[in-house]
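In what follows, a structure is listed as structure tokens, so that the remarks can point back to it.
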Protein chains: 2
Amino acid sequence: MEMIKENTFRHVLDDDGVDPRVLRTRKLIVDGFHELLVEKDFQAISVRDITDRATINRATFYAHFVDKYALFDYVIARSFHELLRGRLTHRCGLSTENLRTLLLTVRDYLSGHLAHCTPDNQQNIHPYVIRQVHAQVHEFLVHWFKPIANDLDAAAALISWAVMGAGIHYSEDQTLEMDVEQMVTVLTQGLDGIGINLD
Amino acid sequence: MEMIKENTFRHVLDDDGVDPRVLRTRKLIVDGFHELLVEKDFQAISVRDITDRATINRATFYAHFVDKYALFDYVIARSFHELLRGRLTHRCGLSTENLRTLLLTVRDYLSGHLAHCTPDNQQNIHPYVIRQVHAQVHEFLVHWFKPIANDLDAAAALISWAVMGAGIHYSEDQTLEMDVEQMVTVLTQGLDGIGINLD
DNA sequence: CCATATATGTTGGATAAGCAACAGATTTGA
DNA sequence: TCAAATCTGTTGCTTATCCAACATATATGG
């Protein structure tokens, strides 16, 4: 029980070949944490609360996560990742449809998160959520860019933050209508400008 | 992982002091087994089916139960035990009220079991159910008798089977009305005959 | 203010769960 | 009928989880 934390963030969803006990324990922790998040504020949740709820030993928790903040990051990253994967039709490819899905998923995930949380949690946690969601968006973009060219780091950074910006904007004010097609056009035209043609 | 099976049947509900991993694994096995029971016949369920559903290793199953029949016995004994404990108001005492509760609980448990199962399972499993439920009823009676006198084995055997007989009879034909008070009277009078006065 | 909890991480040794491989029994189906 | 496949228990070794104990930090309250 040494290298469990090691793989936790390489790829958030590579459960293949992992010891079944590790997968079970992770799920118990995550489920217990989710239960607690709707009951009380993040700041008020102790590691002991989590392990009691998960029916695992406290030492085992620390074998999986360095602290509750790492657990939180993991939960956000994984749930967003799963939501996005479930919505993508063209798996692993750069296309206008996938860009559209990306924009909509970020917005929906963020507004869903705001809807679930207590007001206090909204204030304190939102920045962490954004950071983790962005990390995932960025990872997807890099993955999509890779077959096209290697040195597109700047483009990935720019577009990932553009997508996040749109998502944040529209998730915070639900009265606004999101003009997805216009945004997709901006992104595709922009990419076209640096020699990347979609579809 | 040697003596797990050891304590399994001493008292069906003494979870105190047992290793948490054992309790979790047991629960996973029992839950998976329950799921499978409503899907297919008991005879068609393999140990591998159970362990796959429970997400545990097959070898771990054999550390807990000698075979699927032992698991079945355990499930019956435990669920009946829990149902009865939940209904008893006068905990651990011999009284007309507890005798009444015993009669009704046996009938309800048996008819509930018949209602859940596939016709095939009803035929094949019913004898095992009766055997295990009787073992529990007998254990409760012995426990209630103990403060009164020591050599009441015959009385416990007789009354436990009388209770079972009533339960079986009325669970198999739901149209009959169970005259509980008459039966309780029979039992209390009978006990009175050997010098045991209730209430 | 200080004493008494309570929370956080960490460690070493004990124990349950995982796994692969095995032999033998039973089922399947060609 | 016979061979291939599947199921059943069992075993030795590996690995993850448990637990108790510890040092430290942060409340909590009298």
Side-chain angles (χ1 to χ4, degrees), chain A residues 1-10 14-33 36-37 39-74 120 124, chain B residues 1-10 14-33 36-37 39-74 120 124:
Chain A
M1 141 168 160
E2 189 68 25
M3 301 287 99
I4 295 180
K5 278 194 285 268
E6 208 67 6
N7 289 327
T8 301
F9 272 95
R10 303 296 289 266
D14 60 346
D15 289 348
D16 294 338
V18 179
D19 191 306
R21 288 169 288 187
V22 172
L23 299 181
R24 260 216 313 277
T25 298
R26 249 190 232 162
K27 178 166 165 47
L28 287 167
I29 292 174
V30 168
D31 288 352
F33 184 55
L36 287 168
L37 267 184
E39 295 174 16
K40 55 165 103 174
D41 293 339
F42 175 73
Q43 185 261 345
I45 298 173
S46 71
V47 172
R48 182 177 294 278
D49 289 337
I50 298 169
T51 57
D52 284 352
R53 190 66 65 104
T55 66
I56 59 143
N57 192 275
R58 204 163 51 87
T60 305
F61 176 91
Y62 290 107
H64 285 257
F65 303 98
V66 292
D67 55 23
K68 70 174 179 177
Y69 299 93
L71 166 61
F72 184 77
D73 288 351
Y74 173 79
D120 200 280
N124 293 328
Chain B
M1 147 165 158
E2 187 70 27
M3 301 287 99
I4 295 180
K5 277 195 284 270
E6 207 68 7
N7 289 328
T8 301
F9 272 96
R10 302 297 290 265
D14 60 346
D15 289 348
D16 294 339
V18 180
D19 191 306
R21 289 169 286 186
V22 173
L23 298 181
R24 263 216 312 277
T25 300
R26 250 190 230 162
K27 178 166 165 46
L28 288 168
I29 293 175
V30 169
D31 288 352
F33 184 55
L36 286 168
L37 268 184
E39 294 174 16
K40 55 164 106 174
D41 294 339
F42 174 73
Q43 184 262 343
I45 298 173
S46 71
V47 172
R48 182 177 295 279
D49 288 338
I50 298 168
T51 58
D52 285 352
R53 190 65 67 106
T55 65
I56 60 143
N57 192 276
R58 203 162 53 85
T60 304
F61 176 92
Y62 289 108
H64 285 256
F65 303 98
V66 292
D67 54 23
K68 70 175 179 178
Y69 298 93
L71 166 61
F72 184 77
D73 287 350
Y74 173 79
D120 200 281
N124 294 327

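Residue numbering restarts at 1 for every chain, and letters A, B, ... go by the order of the sequence lines. The figures that follow rest on heavy atoms only: side chains count, while hydrogens, waters and symmetry mates do not. Remember, it's a predicted structure, so these values are computed and weren't measured experimentally.
- Heavy-atom nearest nucleotides on DNA chain C were determined for B:T55 and for A:I45, and the one closer to the 5' end corresponds to A:I45.
- When the side-chain hydrogen bond (donor to acceptor under 3.5 Å, both in side chains) test is applied to A:N57, no partner is found at least two apart in sequence or on another chain.
- For residues 49-62 of chain B, the pairs satisfying salt bridge (Lys or Arg N to Asp or Glu O under 4.0 Å) are B:E35-B:R53, B:E39-B:R53, B:K40-B:D49, with sequence neighbours left out.
- Here the side chain of B:T25 pairs no donor or acceptor atom with the backbone of B:V22 at under 3.5 angstrom.
- When the side-chain nitrogen and oxygen atoms of B:Y62 are compared with OP1 and OP2 of D:dT10, none of them lie within a distance under 4.0 Å.
- Contact annotation: side chain of A:R21 to base of C:dA17, donor-acceptor pair present below 3.5 Å.
- If you take CG of B:L23 and P of C:dT15, they are 17 Å apart, rounded to a whole angstrom.
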Response to the item:
In B/S/- notation (B base, S sugar-phosphate only, - none; protein heavy atoms under 4.0 Å), nucleotides 19-29 of chain C written 5' to 3' is B----------
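- Atom-to-atom, CG of A:D67 to C1' of D:dA25 comes out at 15 Å; the value is rounded to the nearest Å.
- B:Y69 meets the ring pair (Phe, Tyr, Trp, His ring centres under 6.0 Å) test with B:F42; sequence neighbours excluded.
- Each end of the helix from C:dC1-D:dG30 to C:dA30-D:dT1 gets its own axis, taken as the rotation carrying the C1' atoms of four end pairs onto the next four within a five-pair window, and the two axes meet at 50° to the nearest 10 degrees.
- Here C:dT6 presents its C1' atom at 16 Å from CD1 of A:I50, a figure rounded to the nearest Å.
- Within the 4.5 Å cutoff, the side chain of B:R26 has heavy atoms near those of the B:Y74 side chain.
- Side chains of A:F65 and A:D73 form no contact here, defined as non-hydrogen atoms less than 4.5 Å apart.
- For A:I56 and D:dC19, the CD1 to C1' distance is 13 Å, given to the nearest whole Å.
- Applying the side-chain hydrogen bond (donor to acceptor under 3.5 Å, both in side chains) criterion to B:R21, with sequence neighbours excluded, gives B:D19.
- Looking at residues two or more places apart in sequence or on another chain, you find no ring pair (Phe, Tyr, Trp, His ring centres under 6.0 Å) involving A:F33.
- Side-chain atoms of B:R48 and base atoms of D:dT6 include no donor and acceptor less than 3.5 Å apart.
- At whole-Å resolution of the value, CZ in B:F61 and P in D:dC7 are 14 Å apart.
- Rounded to a whole Å, the NE2 atom of B:H64 is 12 Å from the C1' atom of C:dT15.
- Atom pair B:Y69:OH and D:dT8:P shows a separation of 10 Å (rounding to whole Å applied).
- For B:D67, there are no salt bridge (Lys or Arg N to Asp or Glu O under 4.0 Å) partners at least two apart in sequence or on another chain.
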